[in-house]
**Q** 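My questions will all concern the structure given below.
Remember, it's 1-based here, ligands and their atoms both numbered in the order they're listed. On a predicted model such as this, the values are computed, not experimentally measured, just so you know.
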Amino acid sequence: MLIELPRQTEVFGSVKIHELQRILKLDSGGFKNPRAKDIPFDELKDVLNRFAVVIPVKDEKIHLLDGVLRAIPFNCTIIVVSNSERGEHDLYKMEKDMITKLHELTQQEVLLVHQKDPEVGFAFYEAGYDYLLDKDDLVRDGKAEGMIIGMLLAKSVGKDFIGFADADNYIPGSVREYVLDYAAGFCMSESPYSMVRLHWRYKPKVVEERLYFKKWGRVSEVTNKYLNLLLSTNSGFETGVVVTGNAGEHAMTTKLADIMRYSPGYSIEPYQFVYLFDEFGLKAEKMAYPDAANAGIEIFQIETLNPHLHEEKGEKHIKDMLLGSVCTIYNSKLCNDYVRSKALEELGDILDTWEKPPEVTIMPPIGGIDADRFMDMLEGKSETLVRYKETRR
Ligand code: GDP
Ligand code: CO
């Protein structure tokens, strides 16, 4: 792979944010170029062997999930966390049947579990991590909640890197690229605490019966603006470095995943920046993770070659995402009165009143949970856990 080197890197305390990097060639020939990094496929493969791709899914079209699963490079482990409908119209069962067939044909390692499995709730409860449980001790609805289950499964199979891919992607080939882009980021990284976030080159929409290759979505524009404002107002130097505030497609080293805090639902992605700025930024108070602070937290932002074409979820979904994103920024320790008043203005259309936006309950790091024990508790007892091993090697 040939990837542009970042032209600039913003350093904010222990956090390094690299400027957007373009993929120049998905496959390359070892050409030495001072402005680009050539990463041989063998190096990418070494990362993929230690990589789990988590796919959160809730009631998506089975054809889309099928395409996504088939596109994920063979060397990775696939982890599907489903919150799909059960009961009479058992979508989860359809997903399971499809995955069973796929494994028969490919022998790739796959794990599947349902978010509402009582044994999953119980395993969290036993681990003393009840932050994502509802009153019945089941895991709540929410994408972040599903992602956390996926991260624990990834840890239980000993993976060093965890990436995410949505299940509602119409272009399987783009999913394959995302995973390779993640691997490229980790090949470039110098810190064991690093994160790769993807930025779509285009997000095509149908406008007046024609395909229009849109570059920016409304939510991401707003989220990025406020994340940059947090950086600018605290450092005194204006920046526009953050372009991946809402990146659903992102990956982390397991070491970083272990020390992150997580915001529920769809606000998980923008909150990752807020948390890193608060915890490791210029004004960080006590250092809870001195190793990470010393090594530095590295954030890569990569522009994909493929466009991103996914299921449209409607205006309410967009508003919820916007609210979730801006709220996490509003509640940041680094937010001053100016940024807060701007954020309130932004939310004026969405919040009925001009009150303070709701506080978000943040979930603490998962590093303290014993993932092997978590898995042992599920295996044998859980009715929805399916674990297909790789049998080729
Ligand atoms: P967007 O692409 O960011 O606008 O959001 P989507 O609605 O497409 O959600 C991203 C991914 O998360 C999709 O694969 C959804 O099916 C999945 N998802 C949404 N809600 C949940 C949930 O409650 N649990 C799980 N496990 N996945 C979810
Ligand atoms: Co989507």
**Q** In this structure, are over 12 heavy atoms from other groups packed under 6.0 Å from K333 atom NZ?
**A** yes

**Q** In the protein, what heavy atom is nearest to atom 19 (C) of ligand 1, and what distance, to one decimal place, separates them?
**A**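 That would be Y266 OH, 3.3 Å.
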
**Q** The criterion is ring pair (Phe, Tyr, Trp, His ring centres under 6.0 Å); which residues satisfy it with F280, sequence neighbours excluded?
**A** none

**Q** Assess, by modelled atom type and distance only, whether the side chains of S82 and S84 contain a donor and an acceptor separated by less than 3.5 Å.
**A**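 The criterion, which ignores hydrogens and geometry beyond distance, is satisfied for S84 and S82.
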
**Q** For E60, take its heavy atoms, then give the atoms of ligand 1 lying under 4.0 Å from any of them.
**A**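 Every atom of ligand 1 under 4.0 Å from some heavy atom of E60: 13 (C), 14 (O), 15 (C), 16 (O).
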
**Q** Check each atom of ligand 1 against the heavy atoms of D168 and keep those under 4.0 Å away; list them by number with element.
**A** 8 (O)

**Q** Would K101 and D97 count as a salt bridge (charged side-chain N to carboxylate O under 4.0 Å, His left out) here? Give the steps.
**A** CA-CA 6 Å; K101 273 209 198 92; D97 291 347; over 6 Å; no

**Q** Would you tell me which option among G150, G142, P56 has the nearest heavy-atom contact to atom 22 (C) of ligand 1?
**A** G142

**Q** Compute whether any side-chain donor of one residue and acceptor of the other, for N83 and D141, lie under 3.5 angstrom apart.
**A** yes

**Q** Heavy atom under 4.0 Å from ligand 1: found in K143's side chain, backbone, both, or neither?
**A** both

**Q** Check E145 against ligand 1 and report side chain, backbone, both or neither, counting heavy atoms closer than 4.0 Å.
**A** neither

**Q** Could you see which bit of H310 sits under 4.0 Å from ligand 1, with heavy atoms only: side chain, backbone, both or neither?
**A**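 It is the side chain that gets close, since no backbone atom is under 4.0 Å.
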
**Q** Of the listed options (K116, Q115, M321), which comes nearest to atom 24 (N) of ligand 1 when hydrogens are ignored and any heavy atom counts?
**A**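 It is Q115 whose heavy atom sits nearest to atom 24 (N) of ligand 1.
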
**Q** Does ligand 1 come near enough to A167 that some N or O of the ligand is less than 3.5 Å from an N or O of the residue?
**A**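 Yes; the residue has a nitrogen or oxygen that sits under 3.5 Å from a nitrogen or oxygen of the ligand.
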
**Q** Do any nitrogen or oxygen atoms of D141 come within less than 3.5 Å of a nitrogen or oxygen of ligand 1?
**A**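 No: no nitrogen or oxygen of D141 is under 3.5 Å from one in ligand 1.
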
**Q** If you measure every N/O of V81 against every N/O of ligand 1, is any gap under 3.5 Å?
**A** yes

**Q** Is there side-chain contact between W200 and W216, with at least one heavy-atom pair below 4.5 Å?
**A**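 In short, these two side chains do not touch, never coming nearer than 4.5 Å.
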
**Q** Within ligand 1, which atoms have a heavy atom of H317 less than 4.0 Å away?
**A**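 That gives atoms 1 (P), 4 (O), 5 (O), 7 (O) of ligand 1.
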
**Q** What are the protein N, O or S atoms, given as residue plus atom name, that sit under 2.8 Å from the Co ion (ligand 2)?
**A**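 Only D168 OD2, H310 ND1 fall inside 2.8 Å of the Co ion (ligand 2).
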
**Q** Under 4.0 Å, heavy-atom basis, I'd like to know which part of K58 is in contact with ligand 1: side chain, backbone, both or neither.
**A**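 It is both parts that get close, each with some atom under 4.0 Å.
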
**Q** Please name all residues satisfying side-chain hydrogen bond (donor to acceptor under 3.5 Å, both in side chains) with T254, sequence neighbours left out, ordered by chain then number.
**A** none

**Q** For K215, does the NZ atom sit with more than 12 other heavy atoms under 6.0 Å from it, leaving out its own atoms?
**A** yes

**Q** My understanding is that only residues two or more places apart in sequence, or in another chain, count here; which of them pass salt bridge (charged side-chain N to carboxylate O under 4.0 Å, His left out) with K61?
**A** E311

**Q** Give a yes-or-no answer on whether the side chains of R197 and Q272 include a donor-acceptor pair shorter than 3.5 Å.
**A**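 Yes, a side-chain donor-acceptor pair sits under 3.5 Å.
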
**Q** Aromatic ring centroids of F186 and F300 under 6.0 Å?
**A**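 No - the distance between ring centres of F186 and F300 does not fall below the 6.0 Å cut-off.
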
**Q** Strictly under 4.0 Å, does any heavy atom of G248 approach an atom of ligand 1?
**A**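 Heavy atoms of G248 never come under 4.0 Å of ligand 1.
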
**Q** With respect to S82, determine whether any N or O atom, backbone or side chain, lies less than 3.5 Å from an N or O atom of ligand 1.
**A** no

**Q** Under 4.0 Å from a heavy atom of V57: give me the atoms of ligand 1 that qualify, with their elements.
**A**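 Close to V57: 16 (O), 25 (C), 26 (N), 27 (N).
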
**Q** Sub-3.5 Å donor-acceptor pair from the side chain of E285 to the main-chain atoms of E279, do we have one?
**A**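 Side chain of E285 to backbone of E279, a donor-acceptor pair under 3.5 Å: no, none is there.
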
**Q** Considering non-hydrogen atoms of the protein only, which is the closest contact for atom 6 (P) of ligand 1, and what is the distance?
**A**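 In this structure, atom 6 (P) of ligand 1 has K313 NZ, 3.2 Å as its nearest protein heavy atom.
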
**Q** Check the surroundings of atom NZ in K205: do more than 12 heavy atoms from other residues, nucleotides or ligands lie under 6.0 Å from it?
**A** yes

**Q** Does NZ belonging to K25 count more than 12 external heavy atoms closer than 6.0 Å?
**A** no

